[in-house]
Amino acid sequence: MTTNSALVVSISNYPHNNTNKSINTDDEFDCVKVEISDLDNSCPNPTTISLMKCKKQILHPFRKLLCLIGWRPFGADSLKRSSIFLRIINILYPILILILLLFNYTYEIIICQGKLNVVTDTQTTTTTAQTTTTTNFVTTSSSRNQSAGTWATLQPGLTRPHTTNASFTLLAKHAECGHVFTTYILPDIFHFVAFIIGFIYFRVTEGEPMYSLMEKVFIHADQNIRQFGVNRAIRRLKLFMFIGCVWVLISVATHALSNAMNDFAHTLFFHDSQYHIVKNKPERYILFTMDILCLLISNCIHMAIAMNYACHCEMILFYCKAIRIRLEEKSVQLLEAMKRILDLGVSISQLNSAASRMMSILIIFFLERTILGVILLIMNRIFRADMWVYRSFYTVVWFSILAFCLAQAARVTSKCDKFYRISLSMRVYGYPNTNANELDGFLLFLSKAELRAKLFGLTVRPGKIIFLGIATLLVLIVLFQTSIISSENFFF
């Protein structure tokens with residue numbers, strides 16, 4: 001007997017003397033042997049095979065990712081009861097992740113991580129001959145900065161001078177870490193809130209909404225697009241996971257490049273009395289390793305939220321396609337189609353709940369980083385190859401994940417809108433075994449179904465995204481033409 005679950009139960013009669021895996025009954029000579037084994041590729045049910053394949057290749061790696069960032073307990077998939085040691089680890093490990101995140105938030109504020117100051121980090125320091133005036137200015141400026149102690153005059157982010165005789169005045173100017181709240185504190189708040197929501201969501205649901213949606217997709221696609229649809233869905237999800245891993249590696253490598261430009265040493269901790277970097281301290285590599293580890297955890301959180309949202313959207317798209325094909329072929333009863341569309345609406349409502357809230361928060365984070373990266377790239381005056389590579393990759397990294405998440409949400413809304421166009425065609429040309437009143441009711445049903453992906457509580461449509469992109473481009477062109485934004489690097 002074959003089921004849709006991961007187990008096969010076979011029942012047969014055996015003699016009484018065979019007591020292995022047997023259950024005794026009142027009849028002395030009747031015994032029932034129950035064998036439970038995992039399914040393999042020899043199972044004749046293709047839907048079950050596809051579910052097991054998807055669970056092995058998609059869900060298991062995703063659950064390992066959740067365990068890495070502390071959103072899922074270790075050993076949760078085991079049928080055995082967790083040991084005391086493992087339960088202690090499941091309590092301490094999320095606390096460790098929280099400590100690393102807090103360390104990352106604090107550390108990046110202190111050192112002005114990433115060279116994100118538009119005023120100072122886009123220009124090289126130059127020499128000056130006014131030594132006496134410079135010294136007096138430095139003394140006054142240092143006293144004022146020590147007494148002020150505000151966020152606007154943090155001085156850890158000294159950049160390496162790009163000329164050997166750089167004046168201390170300009171070094172002091174480069175030390176100021178401006179716009180700390182909008183550059184670091186506010187994005188960190190968004191990131192922390194998304195982490196807490198994800199921790200609660202995955203600890204409570206354990207990712208069951210996505211797996212149940214996969215089951216519905218594979219079952220309803222079994223008779224329609226089995227030959228290409230299900231395998232294509234699995235390949236698409238695997239591609240998403242691979243792209244997510246590549247994105248994490250590139251983002252970490254980009255950050256490592258920014259550290260390499262400072263010789264892996266920050267002037268807040270490794271400098272002499274003249275604010276020259278001291279390179280013979282091994283502690284700089286310890287801090288660099290901790291920084292990379294914290295950034296890896298932080299970007300894995302970005303990846304987990306984005307992959308959860310994107311995979312959920314992709315499953316909805318394939319489910320929508322399976323229903324739409326049946327309607328176009330006129331091979332499903334209208335009442336059955338309405339039931340499936342209603343079930344599809346439930347899946348979209350789940351997408352628009354906690355997953356959408358997490359994604360909406362990170363969209364703000366990604367958008368802020370993208371805008372900052374574009375401004376830094378345009379205003380860059382440091383004509384060095386490593387700086388240009390860093391600025392370019394920084395912008396591409398954050399813009400790519402922003403565009404990917406918005407595109408997935410827009411695709412869901414666009415594909416679901418096709419139901420209404422199909423219903424109009426059905427109303428004009430008719431549908432088998434259905435009268436005009438039933439078709440009118442189907443039109444009314446679709447108008448109230450709310451089959452739309454939402455971010456920030458607003459429907460995401462391709463037209464809106466294209467309009468915002470074109471409007472942003474036109475605004476940039478106007479700013480360049482009016483010299484409000486000027487750059488010698490581009491012919492605007």
Side-chain angles (χ1 to χ4, degrees), residues 108 111-127 156-167 170-171 173-180 182-184 187 243 246-268 275-277 279 284 288 291-292 295-296 298-299 302 365-404 469 472-473 475-477 479-481 483-492:
E108 69 179 9
I111 67 172
C112 296
Q113 189 181 81
K115 298 179 177 294
L116 303 179
N117 193 320
V118 178
V119 177
T120 61
D121 291 332
T122 57
Q123 304 178 43
T124 58
T125 56
T126 57
T127 57
L158 284 171
T159 58
R160 184 177 57 185
H162 303 287
T163 57
T164 55
N165 298 322
S167 66
L170 293 178
L171 282 176
K173 182 179 180 181
H174 274 250
E176 295 183 1
C177 185
H179 307 288
V180 176
T182 55
T183 306
Y184 299 105
I243 292 175
V246 172
W247 181 87
V248 170
L249 293 178
I250 293 178
S251 62
V252 173
T254 302
H255 180 72
L257 177 61
S258 69
N259 280 269
M261 290 187 296
N262 265 350
D263 295 321
F264 305 101
H266 295 285
T267 50
L268 174 66
Y275 281 88
H276 295 150
I277 294 177
K279 300 181 180 181
R284 59 179 177 163
F288 170 73
D291 187 22
I292 292 297
L295 185 70
L296 179 65
S298 177
N299 287 348
H302 295 151
F365 184 96
F366 300 155
L367 184 60
E368 190 267 348
R369 294 300 187 193
T370 301
I371 294 174
L372 187 58
V374 171
I375 295 175
L376 289 170
L377 181 62
I378 293 175
M379 303 299 294
N380 184 44
R381 299 291 191 279
I382 304 175
F383 298 101
R384 292 165 44 201
D386 54 356
M387 181 60 73
W388 280 111
V389 171
Y390 168 65
R391 295 298 187 204
S392 301
F393 270 88
Y394 184 88
T395 306
V396 171
V397 161
W398 295 112
F399 175 75
S400 60
I401 191 170
L402 171 66
F404 175 72
T472 303
L473 180 61
V475 169
L476 286 176
I477 292 175
L479 293 178
F480 278 113
Q481 292 291 335
S483 298
I484 296 177
I485 295 180
S486 60
S487 176
E488 300 175 357
N489 305 323
F490 304 94
F491 298 99
F492 288 105

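All residue numbers refer to positions in the sequence shown, counting from 1.
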Original post:
Do R369 and V397 come close enough that some side-chain heavy atom pair is under 4.5 Å?
Top reply: no
Subject >> Set of residues satisfying side-chain hydrogen bond (donor to acceptor under 3.5 Å, both in side chains) with respect to T254, sequence neighbours excluded >> reply: none
Original post:
Any idea which heavy atoms bring Y394 and G373 closest together, and the distance?
Top reply: CD2-CA, 3.8 Å
Subject >> Closest contact, heavy atoms only, L377 versus S392 >> reply: CD1-OG, 3.8 Å
**OP:** Would you name the heavy atoms of F365 and P187 that are closest together and state the gap between them?
**Re:** CD1-O, 3.3 Å
Original post:
Atom CE in M387, atom CZ in R381: separation rounded to 0.5 Å?
Top reply: 13.5 Å
Original post:
With under 30° as parallel and over 60° as perpendicular, where do the rings of W247 and W398 fit, or are they tilted in between?
Top reply: perpendicular
**OP:** Could you tell me which non-hydrogen atom of N299 sits nearest to which non-hydrogen atom of S251, and how far apart they are?
**Re:** ND2-OG, 2.7 Å
**OP:** Please round to the nearest 0.5 Å and tell me the distance separating atom CD1 of I371 and atom CZ of F366.
**Re:** 14.0 Å
Original post:
Could you give the distance from CD1 (I401) to CD1 (I243), rounded to the nearest 0.5 Å?
Top reply: 11.0 Å
Original post:
With sequence neighbours excluded, what pairs up with V389 under the side-chain contact (heavy atoms from CB on, under 4.5 Å) test?
Top reply: L257, F393
Original post:
Around F404, counting heavy atoms of other residues, nucleotides and ligands shown, do more than 12 lie under 6.0 Å from its CZ?
Top reply: yes
**OP:** Could you grab the distance from atom OG1 of T183 to atom CD of E108, nearest 0.5 Å is fine?
**Re:** 10.0 Å
Original post:
In Å and rounded to the nearest 0.5 Å, what is the CG to CG distance from L249 to L296?
Top reply: 8.0 Å
Original post:
Rounded to the nearest 0.5 Å, how far apart are CD of E368 and CG of L402?
Top reply: 11.5 Å
